[in-house]
Amino acid sequence: MPSPRYTREIPSRYRLEAGRCKGCGKVTYPARTICPSCRGEEIEKINLSPRGKVVTSTVIHVPPDDFLMEAPYAMAVVETPEGARLMTQVVDCEPSTVLPGLEVSLEFRLIRKEGKSGILCYGHKAVPVA
Amino acid sequence: MREVAIVGAGMTRFGELWNQSLRQMFVEAAAGALNDAGADRVDSMYVGCMSGGQFTGQEHLGPLMADQFGMTGVASVHVESACASGGVALRQAFIEVAAGVSDLVLAVGIEKMTDGADVTNVLATAADQELEVYYGVTFPGLYAMIARAHMHTYGTTEEDLAWVSVKNHRHGAKNDKAQFPTEFTVEQVLSSSMVAEPLRLLHCSPVSDGAAAVLLCPLDQAKQYTDRPVKIVGSGLATGSLALADRDDPAFLDSVQKSGERAFKMAGVGPRDIQVAEVHDCFSIAEVCCIEALGFVERGKGGPAAKDGFTAIGGCIPVNTSGGLKAKGHPVGATGVAQAIEIFRQLRGEAGARQVENARLGLAQNMGGSGASSVVHIFQGV
Amino acid sequence: MAGIVGYGAYIPRKRIKADEIALQWGKNPETIKRGLLLQEKSVPGFDEDTITISVSAGRSAIARAGIDPQKIGALYIGSESHPYAVKPSGTVAAEALGIGPEVHIADFEFACKAGTEAMFVALGLVEAGRVDYAMGIGADTSQGAPDDALEFSASAGGAAFIFGRDDMVAEVIETYSYTSDTPDFWRREGEFYPRHGGRFTGEPAYFKHVLAASRAILEKTGLKAEDFAYAVFHMPNGKFPMTAGKQLGFKKEQLDTGWVVPTMGNTYSGSSPTGLAAILDVAKPDDLILITSFGSGAGSDSFVLKATKRLPEVQGLAPTVRSMLDGPRQYVTYGEYAKFREKIIVNE
Ligand SMILES: CC(C)(COP(=O)(O)OP(=O)(O)OC[C@H]1O[C@@H](n2cnc3c(N)ncnc32)[C@H](O)[C@@H]1OP(=O)(O)O)[C@@H](O)C(=O)NCCC(=O)NCCS
Ligand SMILES: [Zn+2]
């Protein structure tokens, strides 16, 4: 990933910065300029709690080349207590145990590497709550 | 608005076409459509292709294809809506003819997927790069999450999904253009290798090359080209959120419902009136979601439709008589046009062993991404 | 007076058993387990490195300190496995922890002593009044060469400490550093695995520095071994810290709590700091604690700390070291370990 784009996305990836619509309360991750539910433009910045619940999930057995070594790995849509939903890998567990309803916490992890010599790209992954 | 008809169709076989390049496939399909109609010119062309750029390094397909087709000078433009590119090309052609801007417009869908690109990665560009792909999700992975949500919410089973593939391969076995004209059993589907849980290899459409073309003109000029034109009576396009996480119900495809409603409204018909349909079964679960969103079955009741024979040839509403994306193949940009060709053949009574008797009204639904765009056309035999 | 106002640790959940490594190389597992006193060690996943470990430990430290991370004026990460050769680990960690941009950042390297080095400098800045709070972290995902004794110990983990002048959980009573040029263990630029001097790493390196620093700080403070509730010494294996502790007059009961190496392995820059975190997890007000690190090359840092009344209030605010050591674990095979540690040559 090119550094300029990576740098722009740091606040949402590193600190889970999101937006809440002051009009209707809709939370989007990351924050948007216009609320997707009511088209309101007054959006306040919030930080998502680093935990949530699996809405739906899968285990990827045929990955893109960049993730070849990690397969099979679980991925899920996770909903945080604020109502934001995000796509994430679920790690440090048996992938097949990641099913809807699972409680997870979000931890800071290395997400991908730009080859052997490019930048390292960080963000959050989910880990089942013990 | 003028009434619009399809008067000719042409397509390549779908599959791994090692000896044909993107441009060669285009020419074969486009020439096939013109020959079919006995036409020797076009006024305008739409080239639907998801990613000539990433699959083959080639962009600027509008003029390239016009040139290769010996038609340098005609209006020709590339349209893109991921896997719905072909359907959107058809819609653009329809609108141009309906608007009276041009008389003879060619809609072509093409894709060359086997030239060595990291296909999984290229396909994933149709998902949200910032929110989904960054974390390693794949297309089969997104549909697998839709499948799991559907199973979780509505009790759909892996066997239900397997039946979609079994049915479509039964249909596809009768299609000489199909990439996999082979029948499979439920057991074979359920024991094929895992791609993204719960989806296995035989729940997935394959990686394919191919091209498909249809020629459109105003209905009142159609008789110059064919005795049996097929009218396009409805066209609807709709969008949904690109990221799966942004959808309230990940098991329901809003864009498909909206595009269907728009097309039905334009045609003045409803789902019960449709006698044959091609829907976007890039994965078995997609067919389940699409027949629900189009109103062929109730929401949540799509699971057993294939198993019950409801969507098989001879059933209430035969779906994917061509074999669907599953058996026929899914050269992504070509798919939407190829679906229209299947309905064109069905409504003209030219579908051979897979003919649906007395089909007068047909529907084709083509979708991009994990359902972020959907385009529906309704056709009527004349 | 300054001291620790918040602390946190992180240990990856993946583990490999000493038996698994021994059998891979045709060694007798019992000899290893008895000789080095190592049962298993933590293994970082593809997605864990010094930066992610620092962030996880740092978040726990901030949670325990209960402060606004914006007030942290300096962040130092000590490690011998910074993911970038050029580009600081600290900048990534700071952004993730919500620290800065008004912050001073540096990455430290001093073999296994880089963590206490970071703590030492953080403490110094706070004591000097330059900043209100400073964070020092020791974290590593170290590599031991295949079929080397180090492979049984080199592991992953780390601990973070926030220093401040108010609301301390442990006051720093005294510090002491002892350093000399001793090439007992090193890794040249561009090399994947470190090299070491075998038995030369013992008496002339580890013991010389650890004992000298510890004796000097005891003398400086006028304290004796029996005055301490706990002590922790750098843990390159299970045996060295116990031997050093006993030579200094400490009893097993004083050493056991911080002696996390048998199931964690040697987390290098994170080793003695994680031992300290394990002690802070259970210490009571007024308990005296001695920590002495060791870094090859070589040197030792010693700290004498005294737990405050606030410590018990914060212990439960983040995961304890024990809960991570004994909690959910995923055991990997040697093959998986080789894959996770990128010891296998793959196509680009
Ligand atoms: C399903 C998929 C991952 C399989 O790829 P793969 O694991 O690399 O499989 P291979 O290419 O190794 O094929 C293995 C065998 O199965 C066959 N095969 C491959 N895909 C198949 C499919 N979808 N259906 C039936 N057979 C298939 C191959 O011909 C091959 O058979 P052979 O050994 O007799 O030659 C790949 O086809 C795919 O990604 N499909 C989805 C495409 C997609 O996402 N499209 C966009 C949707 S919107
Ligand atoms: Zn709103």
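Only this structure's heavy atoms are used, side chains among them; waters, hydrogens and symmetry mates stay out. Protein chains get the first letters and strands the later ones, always in sequence-line order, with residue 1 at the start of each. Model, not experiment: these values are computed from the prediction.
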Can you tell which part of A:Val98 gets under 4.5 Å to a heavy atom of chain B, answering side chain, backbone, both or neither? backbone
Do A:Val77 and B:Pro250 have side-chain heavy atoms sitting under 4.5 Å apart? no
Smallest heavy-atom separation, A:Arg5 atom then B:Gln129 atom, equals NH2-O, 3.6 Å
Salt bridge check, A:Arg32 against B:Asp246: does any charged N sit closer than 4.0 Å to a carboxylate O? yes
Per-residue contact mode, B:Leu142 against chain A (heavy atom under 4.5 angstrom): side chain
Relative to chain B, which segment of A:Ala84 carries a heavy atom at a distance below 4.5 Å: side chain, backbone, both, or neither? neither
If I compare all heavy atoms of B:Leu131 with all of A:Met87, which pair ends up nearest, and what's the gap? O-CB, 3.4 Å
Assert top hit (heavy-atom pairs under 4.5 Å, partner chain B, pool A:Gly101, A:Pro100, A:Ser57) equals A:Ser57
Relative to chain B, which segment of A:Val55 carries a heavy atom at a distance below 4.5 Å: side chain, backbone, both, or neither? side chain
Using heavy-atom distances under 4.5 Å, tell me whether B:Ala124 contacts chain A through its side chain, its backbone, both, or neither. neither
Distance, nearest 0.5 Å, that separates CG of B:Asp118 from CG of A:Leu68: 9.0 Å
Rounded at 0.5 Å granularity, tell me how far CG in A:Leu86 sits from OH in B:Tyr135. 7.5 Å
Gap between atom CD of B:Glu132 and atom OG1 of A:Thr88 - 0.5 Å precision: 12.0 Å
Under the 6.0 Å and 45° cation-pi test, does A:Arg13 pair with B:Tyr134? yes
Between B:Pro140 and A:Val62, is there a side-chain heavy-atom distance shorter than 4.5 Å? no
I need the minimum non-hydrogen distance between B:Ala149 and A:Thr56, along with the two atoms involved. N-OG1, 3.3 Å
Heavy-atom pairs under 4.5 Å with chain B: which of A:His124, A:Gln89, A:Arg112 has the most? A:Arg112
Applying a strict 4.5 Å limit to non-hydrogen atoms, the region of A:Tyr73 in contact with chain B is side chain
CE (A:Met75) and CE (B:Met145) are apart, to the nearest 0.5 Å, by 5.5 Å
In terms of heavy-atom pairs under 4.5 Å, which option from B:Val137, B:Val119, B:Asn121, B:Asp128 contacts chain A the most? B:Val137
Contact part of A:Ile60 toward chain B, heavy-atom cut-off under 4.5 Å: side chain, backbone, both or neither? both
Hey, does B:Glu197 have a side-chain heavy atom less than 4.5 Å from the side chain of A:Ser96? yes
Minimum heavy-atom separation for B:Thr138 to A:Pro64, with atom names? CG2-CD, 3.4 Å
Find the one option among B:Ile146, B:Val195, B:Thr153, B:Thr120 whose heavy-atom pairs under 4.5 Å with chain A are most numerous. B:Val195
So which heavy atom on B:Asp248 is nearest to which on A:Lys26, and how close? OD1-NZ, 4.3 Å
Look at atom CZ of B:Arg262 and say whether more than 12 heavy atoms of other residues, nucleotides or ligands are closer to it than 6.0 Å. yes
